[in-house]
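A short worksheet on the structure shown next.
Numbers restart at 1 for each chain; the letters A, B, ... are given by sequence-line order, proteins then strands.
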Amino acid sequence: MTAREGRLEAFAPRSIPAGVSAPPAPSPVPDYLTRLNPEQREAVETLDGPLLVLAGAGTGKTRVLTTRFAHLLMTGRAFPGQVLAVTFTNKAAREMRERVAAILGRPAEGLWLGTFHALCTRMLRRHAELVGLTSAFTILDTDDQLRLLKQVMEAGGIDLKRWPAPGLMAQIQRWKDRGLPPDRVTPAEDTDYAGGRARALYAGYQSRLRDLNCADFGDLLLHMTEILRTHPEVLADWHRRFRYILVDEYQDTNLVQYLWLRLLAQGHRNICCVGDDDQSIYSWRGAEIENILRFEKDFPNAKVVRLESNYRSTRPILAAASGLIAHNTGRLGKTLRAGRNDADGEKVRVVSLWDSEEEARMVGERIEAAQRSGHALAEIAILVRAGFQTRAFEERLITLGVPYRVVGGLKFYERAEIRDAMAYLRVLAQPADDLAFERIVNTPKRGIGDTALRRMHEVARAERIPLTLAAAKLLQAGGMTGKARAALSELLHGFDRWREALPKDGHVVVAATLLDESGYTEMWKQDKSPEAPGRLENLKEFLRALTEFESLAGFLEHVALVMENDENAEGDRLSLMTLHAAKGLEFDMVFLPGWEEGLFPHARAMEEGGEKGLEEERRLAYVGLTRARKLAIVSCAANRRVYGNWSTTVPSRFLDELPLEHVQREGSGAMARNRMIDVPSVFTGTGGLMARRPRVIEAGAWEVQQRPARQDAIAVGQRVFHQKFGYGRVTAVEDDKLDIEFEKAGQKRVLDRFVEKA
DNA sequence: AGGTTAGTAATTTTT
DNA sequence: TTACTAACCT
């Protein structure tokens, strides 16, 4: 405690109106500090030495980090380039950059602020030769990683059916997460995969990566940590550079990230980590909650500051979340206090329903009601445990005409056409990029099949040269037959030509030419599937994105590290996402459906993780609840369709763990069950008792359901109008559902009764 | 070489 | 139920 702090208790973070013009005389306490509460302020002003900030949900974690960053610069403790600020997501990095700039009152430039991976890439480009790469190494995406590993496994004579490659990939990633290169994996750890050959295959995979001048995501951290560990002069250099280190979402760090941080922090010991053990939900990706405990051990005399004043949620929500998370053991211990003056509010709702369809209807109804009473859709979210759950809600929302966006999902750069286009550019930039070459050599189909590819591989392996070179040699030596020969020759000449044109025409023009001349765009123009036009659109967008970069290499790196998708972001839309994707976000109203044993907590999590797995699920529930500012609506369905057939469910144990006095129970599975029993057996249909839910309709309740099916059939090709999506053309008809390519909204599936012929 | 069909598996996924 | 992969046929 410093002497000054006593005077600051009056300052609540949100109680100071923004934009109040200050008197000209500079205040002794900078404005940005007065906006903090005492704990936050302590976290910001403890500049020297190791500091651990345990920040509960909604306690102003980001504010502390950004203010601390700005404070370091404002007080002249460090130049921008002397602070290392690490986040997990690009979004978090961007947000921090913006907020620091806002405090500074000028753009924040020259910062080492970014994701672990981006920062490591930047560092590794300078030292690549120390791990056998060149500074122009390529970063592989998940597809490439798996393809490469499969090749290594095939070469090693592994039966890929008995030992699926994804399993080994996961193992290798776990090793990398723990900072273990192949030679440091102990034989004892290598028993359960492919008869103890995992380690050897890992070594083979790493060696192939080096041959190809590639690094996968794990390598970025692994290589950099290895370098810092084994090259004291390099480490000393970085120590000279970074005086202060800031780490966001510390509870999500894995071991290699921790080691990397620890090495870098050894210099000045000015490391500040901000995290919340109760929000650690990524152990399955290698995150180690123990890093928080280890922190105090590895950095003796570390100061610990707890942020416990929550400015986000109402008291009942906080109480419910706290009551729930209290069932976990081994917590560092934090208690969320309501920090708002208006913290009183509605109890958490727990709604039981007959089945998942009724659950979707309930959610839809309440959303409509909220909308009618003036709530913005952007302030409402549905948070589900697993991705497949979104479908039921999407269908319901489309029926109701409620605009929504699915957060997460397939990202722009993960689409097939974008990956293909990327692969073309990668071959252009790096002819030795075998994985990219393999991807596009027969896309579009040019008659270069397995046989031809195998022959190229043989030559490449025998002479230890890249595939493109091997292909050229084969052509020269006449080792290719008619069709494949002509096609391959044309492709290789094409690349020569495009590469030549690069300095003259620039990368954007060449990229466009390449996609045309290679026949790639033509392939999609010929494609009759309903997605094809959208894919062509995406390719246009791809080329547009390319114009924002000065060089091809810069673009490729951006795409490898920043896989983002911000379409559908505009407009007032409801958010639909997984609980994982919701971390760090907040909404007025949050729906938490599917709280049933097996789904949430997820059966798989408990099988694999036992008691620890269960606790992580509980933290996930805690994260979900604490996303809500004003109202949380939890629900469970008594019946749910699992892989096609209906099964009855047991309500989640988490429901019982919510403190009764803060919860209001509604609806009832029993009530719905009674309705069900009265129904004649015709309704129970073919697929078992629960196959089709009878339409028992309470007076006035399910208004939407009662609308009659349309009489006049709609055919493929018909131009139609939809209340929400506007005009579009029908691309497919299936029962009462229509696939429509909307002019504005893109491809959607809607019920025919919601469109009219245009 | 490429399309078709049968079999199988099915969370979460910041980079 | 659906979606993806691998063997199989043309």
Any N/O donor-acceptor pair, R385(A) side-chain to dT12(B) base, under 3.5 Å: yes

Would you call the rings of Y250(A) and Y258(A) parallel, tilted or perpendicular, where under 30° means parallel and over 60° means perpendicular? tilted

Mind calculating the distance between CZ (R174(A)) and C1' (dT12(B)) to the nearest angstrom? 14 Å

For the side chain of E617(A), counting heavy atoms from C-beta on, which of dT14(B), dT13(B), dT11(B) is nearest? dT11(B)

Flag the pair E395(A) and R391(A) as a salt bridge only when some basic side-chain nitrogen lies within less than 4.0 angstrom of an acidic carboxylate oxygen. yes

Are R99(A) and R63(A) close enough, and set up right, to give a side chain to side chain contact (heavy atoms under 4.5 Å, CB included), and what steps lead you there? CA-CA 8 Å; R99(A) 290 178 66 164; R63(A) 174 183 227 108; 3.7 Å; yes

In this structure, how many angstroms lie between the C1' atom of dT14(B) and the NZ atom of K91(A), rounded? 10 Å

Would E438(A) and Q151(A) count as having a side-chain donor-acceptor pair, cut-off 3.5 Å? yes

Taking protein heavy atoms under 4.0 Å as touching, what does nucleotides 1-9 of chain B look like 5' to 3' if B marks base contact, S marks sugar-phosphate-only contact and - marks none? SS-------

Rounded to the nearest Å, what distance is computed from the CZ atom of residue R285(A) to the P atom of nucleotide dT15(B)? 9 Å

Determine, step by step, whether F542(A) and L425(A) satisfy the side chain to side chain contact (heavy atoms under 4.5 Å, CB included) criterion, reporting the C-alpha distance in whole Å, the side-chain angles of both residues, the deciding distance to 0.1 Å, and the verdict. CA-CA 12 Å; F542(A) 177 77; L425(A) 296 190; 3.7 Å; yes

Residues that E522(A) engages under salt bridge (charged side-chain N to carboxylate O under 4.0 Å, His left out), provided they are two or more places apart: none

Would you classify Q389(A) as touching base, sugar-phosphate or nothing, given that sugar-phosphate means primed atoms plus P, OP1 and OP2, and contacts are heavy atoms under 4.0 Å? nothing

Picking from dT11(B), dT15(B), dT14(B), the nucleotide nearest the side-chain atoms of L561(A) would be dT15(B)

Is there a salt bridge (Lys or Arg N to Asp or Glu O under 4.0 Å) between R147(A) and D144(A)? Walk through the geometry before answering. CA-CA 5 Å; R147(A) 229 144 19 97; D144(A) 293 329; 2.7 Å; yes

dT14(B) phosphate, OP1 or OP2: any side-chain N/O from N90(A) under 4.0 angstrom? no

Answer with base, sugar-phosphate or nothing: what part of the nucleic acid does F116(A) contact at a heavy-atom distance below 4.0 Å? nothing

Heavy-atom nearest nucleotide on DNA chain B taken for T142(A) and for E608(A); more 5' hit belongs to E608(A)

With heavy atoms under 4.0 Å as the rule, sort Q173(A) into base, sugar-phosphate or nothing. nothing

Syn versus anti for dT12(B), judged by chi lying within 90° of 0? anti

With E616(A) via salt bridge (charged side-chain N to carboxylate O under 4.0 Å, His left out) - residues at least two apart: R619(A)

ring-ring contact (aromatic ring centres under 6.0 Å, His included) evaluation trace for Y622(A) with F654(A): CA-CA 10 Å; Y622(A) 173 81; F654(A) 298 154; over 10 Å; no

Can a side-chain donor-acceptor contact be found between T443(A) and D420(A) if the only test is distance below 3.5 angstrom? no

Determine: side-chain N/O of T578(A) to OP1/OP2 of dT13(B), distance under 4.0 Å, yes or no. yes

How close or far is atom P of dC4(C) from atom CG of L146(A), stated in whole angstroms? 14 Å

Each nucleotide N or O in nucleotides 6-10 of chain C that has a protein N or O under 3.5 Å away: list the pair and distance.
residue : atom : partner : partner atom : Å
dA7(C)  : OP1  : K161(A) : NZ           : 3.0

Separation of dT11(B) C1' from Y282(A) OH (nearest whole Å): 12 Å

Consider only side-chain N and O atoms of D216(A) and Y205(A), and report whether a donor and an acceptor are under 3.5 Å apart. yes

Between dT14(B) atom P and D216(A) atom CG, what is the distance in whole Å? 16 Å

Can you tell me the distance, in whole Å, between the NE2 atom of H117(A) and the P atom of dT13(B)? 16 Å

Take D276(A) and K61(A), measure what salt bridge (Lys or Arg N to Asp or Glu O under 4.0 Å) needs, and give me the verdict at the end. CA-CA 9 Å; D276(A) 180 1; K61(A) 170 192 72 127; over 6 Å; no

At 4.0 Å (heavy atoms only), tell me whether A605(A) reaches a base, stays on the sugar-phosphate, or touches nothing. base

Ring-on-base stacking dT11(B) with W284(A) (under 5.5 Å, under 30°): no

Within residues 248-258 of chain A, residues whose heavy atoms come under 4.0 Å of DNA chain B: D252(A)

Measure the distance from NE2 on H580(A) to C1' on dT14(B) and round it to the nearest whole Å. 11 Å

Tell me, please, which residues at least two apart from R485(A) pass salt bridge (charged side-chain N to carboxylate O under 4.0 Å, His left out). none

Categorize G584(A) for me: base, sugar-phosphate, or nothing, with a 4.0 angstrom heavy-atom threshold over every strand shown. nothing

